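To start, the structure itself, in structure tokens.
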Amino acid sequence: IYKYINGESITVTEGDATHLNAYKYCLYYYDSSERVVYRIRTDGKEKTALIRNVLATDVKVYNNTLYVLTEDGDIHKIYINGKNGYLFKEGENILSFTVTNGYIYYVRKDADSLAIYRAKISTGDTVKVSDTDSTLLTTGKDHLFYIYNGIFVQHGYLFYYNQRFQIYVS
């Protein structure tokens, strides 16, 4: 991981970092060779292993909480302040997710199709949002966006692409 300052790249830490997130004065990432989710200060100090022996496919930070999607399709919730976390969604066959405005949006494989679901973080209550051909999600401000193999939310509208790359708004 490198920090770019005044035209210069400075090494923060070495390793096979993927799924990098910045939150306050720390970076959160998955090291695929070590199979560990780490927290490190942006100055490269205080590197801490948060989860060991995990096959993570995505890592997100939201409101002092780390969310980790594992290869088996489960989402784990870990508190940044050191409190123990727990398994937020298990056995859902989740392919990707994003976190915004108190909700986790995720793409789940149902039989031979894909669908977007929304789970309230505080209760875990889940509703199906839409069927989709997409597998990736992200957010921007108040919206969920997704494209073919991707998703987004912006200003209360759901945007997505179908396989023919046409834009839809719902």
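Nothing here was measured: the structure is a model prediction, and the numbers come from that model.
With hydrogens and angles ignored, the 3.5 Å screen pairs no side-chain donor or acceptor of K77 with any backbone N or O of T65. With hydrogens and angles ignored, the 3.5 Å screen pairs a side-chain donor or acceptor of Y30 with a backbone N or O of V54.
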(request) Could you walk me through whether H19 and V37 pass side chain to side chain contact (heavy atoms under 4.5 Å, CB included), step by step? (result) CA-CA 9 Å; H19 312 299; V37 175; over 6 Å; no
(request) Could you give me the CA-CA distance, side-chain angles and deciding distance for V127 and K120, then say whether side chain to side chain contact (heavy atoms under 4.5 Å, CB included) is met? (result) CA-CA 9 Å; V127 296; K120 189 167 188 163; over 6 Å; no
(message) Test side chain to side chain contact (heavy atoms under 4.5 Å, CB included) on I94 and D74; report intermediate values, then the result.
(response) CA-CA 6 Å; I94 297 169; D74 299 334; over 6 Å; no
(request) Apply side chain to side chain contact (heavy atoms under 4.5 Å, CB included) to I104 and V99, showing your working. (result) CA-CA 5 Å; I104 294 179; V99 186; 4.0 Å; yes
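Interatomic distance, CZ of R118 versus CG of D125, reported as 10.0 Å (0.5 Å rounding). To the nearest 0.5 Å, the span separating CG on D31 from OG1 on T18 amounts to 7.5 Å. The CG atom of L50 sits 6.0 Å away from the CG atom of L66 when rounded to the nearest 0.5 Å. Rounded to the nearest 0.5 Å, atoms CD1 (I80) and CG (N63) are 9.0 Å apart. Atom CD1 of residue I1 and atom CG of residue L20 lie 5.0 Å apart, to the nearest 0.5 angstrom. Here SG of C26 is found 12.0 Å from CG of N21. Values are rounded to the nearest 0.5 Å.
Side-chain heavy atoms closer than 4.5 Å link hydrophobic residues (I, L, V, M, F, W, Y) into clusters, and following such links, possibly through other members, connects F97 to I121. In the hydrophobic clustering of ILVMFWY residues, with side-chain heavy atoms under 4.5 Å counting as a link, I51 and I40 come out apart. Cluster annotation: L27 and V36 are assigned to the same hydrophobic cluster (Ile/Leu/Val/Met/Phe/Trp/Tyr, side-chain heavy-atom contacts under 4.5 Å, transitive). Cluster membership check: Y117 shares its hydrophobic cluster with L69, using side-chain heavy-atom separations under 4.5 Å among Ile, Leu, Val, Met, Phe, Trp and Tyr.
Residues T13 and Y29 have side chains in contact (heavy-atom distance under 4.5 Å, counting atoms from C-beta outward).
Taking both residues in full, the closest heavy atoms of K47 and E14 are given as NZ-O, 4.1 Å, listed atom of the first, atom of the second, then distance. Minimum interatomic distance between G124 and A119 (heavy atoms only, all atoms of both residues): O-CB, 4.3 Å. The two residues L95 and K109 come nearest to each other via the heavy atoms CD1-CB, 4.3 Å. Nearest approach of D43 to K45, heavy atoms of both residues: OD1-N, 3.0 Å.
For the residue pair Y23 and N64, a side-chain donor N or O sits within less than 3.5 Å of a side-chain acceptor on the partner.
The ring-ring contact (aromatic ring centres under 6.0 Å, His included) contacts involving residues 47-78 comprise nothing, where partners must be two or more places apart or lie in separate chains.
In this view, Y103 satisfies the ring-ring contact (aromatic ring centres under 6.0 Å, His included) rule with no residue, not counting sequence neighbours.
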